[in-house]
Amino acid sequence: MAITRPKGTNDIMPEEMKRWHYMENIMRTIGQTYGYSEIRTPMFEHTELFQRGVGETSDIVEKEMYTFQDKGNRSITLRPEGTASVVRAFVENRDYAEAQPTKYYYQGPMFRYSRPQAGRYRQFNQFGVEAFGSKDPAIDAEVIAMCMEFFEKLGLQRMELHINSVGCKVCRPVHKQALKDYLAPSYEELCDTCKNRYEANPLRIFDCKSETCQEIVKDAPTITSCLCEECTDHLNELKILLDASGIEYILNENLVRGLDYYTKTAFEVMVSDIGAQSSIGGGGRYDSLVEEVGGPDMSGIGFAVGLERTLLSMKAQEVSVLDKEPINVFIAVISDQEKVPAYQLMQQLRKNGIAAEMDVLGRSLKAQFKYANKRGFSHVVTIGNEEVQNMRYPLKNMKKKEESKVSIEEMILTLKEEA
RNA sequence: GUGGGUGUAGUUCAAAGGUAGAGCGCCAGAUUGUGGUUCUGGAUGUUGUGGGUUCGAGUCCCAUCAUCCACCCCA
């Protein structure tokens with residue numbers, strides 16, 4: 001039996017790679033225009049980072065981490081998300097001592113152990129940004145704008161932006177108590193998961209898909225109704241900024257995020273028709289995470305978008321990625337005798353920056369042309385005895401079906417002009 | 001972790017318990033050194049794996065693995 005890829009992983013084959021490069025270019029452009037610099041952190045970290053950073057009660061930490069002992073007996077975890085690592089790097093490299101704010105973006109694979117399905121994989125890629133050192137809602141607005149601009153630049157349509165405030169360490173305990181008081185009489189009717197949530201993190205009951213839980217929670221006090229003055233002002237200012245910059249959003253008071261570190265602003269971007277996993281990006285503010293990881297008391301905010309899901313949406317919406325036709329030459333060889341001169345010509349073209357390949361399967365001339373056509377070469381040069389003698393070569397433009405006899409110098413010139 | 005669907009050629013899929021097939025793709029040819037269309041020919045399978053029922057199993061049963069989808073959760 002042939003060896004297959006591990007469950008939940010994907011090979012990105014060359015054909016697919018075009019779309020990835022396209023997305024990556026857009027990331028760089030957006031990062032650049034918003035003043036964010038790329039950062040790359042390790043794909044594995046000390047397990048403790050995620051336990052402290054992402055939160056012990058989150059499902060990610062409880063049951064989805066790839067954790068193992070290394071040979072030095074350290075507990076190591078493949079990163080399940082990017083924020084904790086970026087925060088760690090920000091603290092460890094003392095970037096907090098530089099002029100603020102500090103703004104990073106990153107891209108790379110994340111790992112979560114869960115059953116794969118449409119749009120959910122064990123290794124998946126995220127594009128994310130993090131901004132440290134400012135509590136200003138303008139940063140919240142800018143981060144949300146970047147996220148939306150990423151999708152828009154890709155040509156996606158019909159995204160839904162949901163925003164909410166999940167409060168801070170002042171108002172959250174107030175809401176938690178209010179919520180528990182409200183739920184207490186109906187406790188027995190809650191589903192088993194929500195019974196556990198009741199103590200650990202009652203806020204997440206809002207997220208439950210169970211109809212009875214939804215019914216119970218329908219009129220429960222939302223976090224919004226319990227927000228302190230600071231959080232209320234923050235949310236209001238954010239809304240003003242979003243309105244002012246023409247970003248449409250839905251204020252979703254039930255929006256709760258699965259990672260424990262969020263404070264104040266939380267948001268999520270949804271798109272339909274990619275199956276059950278409709279969330280293609282999300283993020284929020286985390287005002288105590290930096291300190292939690294051992295840094296100074298500094299706030300942060302960021303988002304992460306799932307690139308595989310983004311790609312699925314692009315395919316579902318039939319967004320085309322146009323790339324221009326390449327100029328590349330196939331060198332057709334008539335007989336074995338022209339192999340050496342053909343090879344020399346190929347290398348000479350390559351050294352002049354022209355993509356060139358030659359036949360390496362000893363095929364008939366006809367078969368070589370068929371191959372060149374199938375592989376989309378823009379030009380074919382044929383080399384036979386006559387060409388070697390005269391130093392002039394028939395250069396055929398495959399699209400225009402035109403052929404002319406040229407010297408090598410003329411060939412290079414023509415090809416460079418067309419590129 | 002729970003539930004459901006599906007495993008047959010490179011690929012998409014047929015074959016109603018009785019000789020494993022088709023489209024696409026791939027390779028070759030249609031007279032001398034030129035592609036896309038057309039025509040002709042060709043190659044390719046331990047029917048995921050292991051058991052069982054049967055005179056006989058791709059087909060029925062059991063197990064196992066893989067994969068897809070959904071729940072959970074999230075990107």
Side-chain angles (χ1 to χ4, degrees), chain A residues 1-10 54 57-65 79-83 107-128 147 150-151 191-194 196-197 201 204 207-210 213 255-259 267-271 274-283 302-313 330-335 338 359 361 363-387 393-403:
Chain A
M1 189 54 186
I3 296 171
T4 58
R5 61 177 193 269
K7 190 193 275 286
T9 62
N10 289 300
V54 180
T57 63
S58 68
D59 275 39
I60 292 176
V61 171
E62 273 183 355
K63 48 190 193 191
E64 292 183 356
M65 293 210 300
R79 60 178 186 197
E81 56 100 49
T83 302
Q107 183 258 322
M110 307 296 162
F111 307 85
R112 289 183 203 173
Y113 190 90
S114 58
R115 281 275 278 272
Q117 73 187 67
R120 197 178 63 191
Y121 312 100
R122 289 183 174 179
Q123 178 178 336
F124 61 100
N125 287 273
Q126 286 188 334
F127 161 52
C147 184
F150 175 68
F151 296 128
C191 72
D192 290 347
T193 332
C194 285
N196 290 332
R197 285 168 172 160
N201 195 350
R204 290 192 38 212
D207 242 0
C208 188
K209 301 279 196 301
S210 144
C213 293
L255 175 66
V256 180
R257 312 228 64 236
L259 286 69
F267 66 96
E268 195 161 331
V269 183
M270 257 91 83
V271 76
I274 57 165
Q277 310 301 315
S278 59
S279 168
I280 55 175
F303 71 76
V305 323
L307 296 179
E308 281 82 359
R309 287 185 189 174
T310 303
L311 232 36
L312 279 179
S313 325
F330 184 79
I331 299 168
V333 188
I334 302 240
S335 78
E338 290 84 34
D359 179 63
L361 291 176
R363 282 178 283 217
S364 71
L365 189 64
K366 196 187 186 97
Q368 292 183 56
F369 265 84
K370 273 193 169 181
Y371 172 80
N373 182 63
K374 216 170 295 174
R375 282 294 164 95
F377 282 89
S378 62
H379 296 78
V380 176
V381 182
T382 308
I383 294 199
N385 186 35
E386 195 189 314
E387 286 77 14
Y393 307 86
L395 176 67
K396 182 165 188 177
N397 182 319
M398 296 295 275
K399 212 166 191 176
K400 295 182 186 161
K401 304 179 189 179
E402 289 168 0
E403 187 173 290

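Here is the naming used below: chain letters follow the sequence lines, and residue numbers restart at 1 for every chain.
- If you check every strand for non-hydrogen atoms under 4.0 Å, A:Ala276 touches sugar and phosphate atoms only.
- For A:Arg120 and B:A75, the CZ to C1' distance is 11 Å, given to the nearest whole Å.
- Of the side-chain N and O atoms in A:Gln117, none sit less than 4.0 angstrom from OP1 or OP2 of B:C69.
- For B:C26, the OP1/OP2 oxygens have a side-chain nitrogen or oxygen of A:Lys374 closer than 4.0 Å.
- When each of A:Ile383, A:Thr382, A:Asn385 is checked for a side-chain contact (heavy atoms from CB on, under 4.5 Å) with A:Ile334, only A:Thr382 meets the rule.
- The base of B:U34 is not paired with the side chain of A:Gln368 by any donor and acceptor separated by under 3.5 Å.
- The residue A:Glu386 sits close to a base: some heavy atom pair falls under 4.0 Å.
- Across B:U6 and B:A15, the matching P atoms stand 14 Å from one another, rounded to whole Å.
- Judged by the 6.0 Å and 45° rule, A:Arg375 forms no cation-pi pair with A:Phe330.
- The base of B:U34 lies outside donor-acceptor range of the side chain of A:Lys366, with no N or O pair under 3.5 Å.
- With RNA chain B read from its 5' end, the first of the two nearest nucleotides for A:Lys370 and A:Glu81 is the one closest to A:Lys370.
- With contacts defined as side-chain heavy-atom distances shorter than 4.5 Å, the pair A:Phe151/A:Val271 does not qualify.
- Taking atom P on both B:G45 and B:G51, the two are 22 Å apart, rounded to the nearest angstrom.
- Comparing B:A66 with B:U47, their C1' atoms sit 15 Å apart, to the nearest whole Å.
- The nearest whole Å value for the distance from the CG atom in A:Asn397 to the C1' atom in B:G36 is 14 Å.
- B:C65 atom P lies 9 Å from atom NZ of A:Lys7, rounded to whole Å.
- Rounding to the nearest 0.5 angstrom, the gap separating the OH atom in A:Tyr371 from the CG atom in A:Leu361 is 7.5 Å.
- In this structure, CE of A:Met270 is placed 12 Å from C1' of B:C74, rounded to the nearest angstrom.
- In the set B:G35, B:G33, B:C74, B:G33 carries the atom at the smallest distance from any side-chain atom of A:Thr382.
- Note: CG (A:Leu365) to C1' (B:A28) measures 15 Å, nearest angstrom.
- Note: A:Ile280 CD1 to A:Phe150 CZ = 9.0 Å, rounded to the nearest 0.5 Å.
- Between the side chain of A:Glu268 and the base of B:C74, no donor-acceptor pair of N or O atoms lies under 3.5 Å.
- Looking only at atom types and distance, the side chain of A:Asn125 has a donor-acceptor partner in the side chain of A:Glu308 under 3.5 Å away.
- For the pair A:Phe267 CZ and B:A75 P, the interatomic distance rounds to 11 Å; values are reported in whole Å.
- Rounding to the nearest 0.5 Å gives a distance of 16.0 Å between NZ of A:Lys7 and CD of A:Gln123.
- Closest to the side chain of A:Arg363, out of B:C27, B:G33, B:C74, is B:C27.
- Side-chain atoms of A:Glu64 and base atoms of B:G1 include no donor and acceptor less than 3.5 Å apart.
- To the nearest whole angstrom, the two C1' atoms, one in B:G29 and one in B:G35, are 16 Å apart.
- On the C1' atoms, B:A63 is 15 Å away from B:U53, given to the nearest whole Å.
- The gap from the C1' atom of B:U67 to that of B:U34 amounts to 45 Å, rounded to the nearest Å.
- Using a 4.0 Å heavy-atom criterion, one finds that A:Tyr371 contacts no nucleic acid atom at all.
- Across B:C68, B:G29, B:G35, the shortest atom-to-atom separation from the side chain of A:Ser364 is found for B:G29.
- Between A:Ile383 and A:Ala118, the residue whose closest nucleotide on RNA chain B is further toward the 5' end is A:Ile383.
- Taking the C1' atom of each, B:C26 and B:A9 are spaced 12 Å apart, rounded to whole Å.
- When Watson-Crick and G-U wobble pairs are counted only if both distances are under 3.5 Å, B:G10 pairs with B:C24.
- A stacked arrangement is assigned to A:Phe124 and the six-membered base ring of B:A75, with a centre-to-centre distance below 5.5 Å and an interplanar angle below 30°.
- The base of B:A75 is paired with the side chain of A:Arg112 by a donor and an acceptor separated by under 3.5 Å.
- Annotation: side chain of A:Phe369 is not in contact with side chain of A:Asn373 (no heavy-atom distance under 4.5 Å).
- A:Ile280 comes within 4.0 angstrom of sugar-phosphate atoms only, judged by non-hydrogen atoms across all strands, and of no base.
- Minimum atom distance to the side chain of A:Glu387 is reached by B:G33, of the listed B:A75, B:A28, B:G33.
- In this entry the distance linking CZ of A:Arg122 with C1' of B:C74 reads 14 Å, nearest Å.
- With B:A75, B:C68, B:G36 as the candidates, the nucleotide lying closest to the side chain of A:Arg5 is B:C68.
- In the interface, the side chain of A:Lys396 is paired with the base of B:G35 through a donor and an acceptor atom under 3.5 Å apart.
- Here the C1' atom of nucleotide B:C68 and the CG atom of A:Asn10 are 13 Å apart, to the nearest Å.
- Across all strands shown, B:U67 pairs with B:G5; the Watson-Crick or G-U wobble distances both stay below 3.5 Å.
- Under the Watson-Crick or G-U wobble criterion, with both distances below 3.5 Å, B:U19 has no partner in any strand shown.
- For the P atom pair drawn from B:U49 and B:U8, the interatomic distance equals 10 Å after rounding to whole Å.
- Residue contacts shown for A:Gly128 are absent, as no nucleic acid heavy atom lies under 4.0 Å away.
- Looking at A:Arg115, its side chain comes within 3.5 Å of the base of B:G3 through a donor and an acceptor atom.
- Note that OG1 of A:Thr9 is 13.5 Å distant from CZ of A:Phe124, once rounded to the nearest 0.5 Å.
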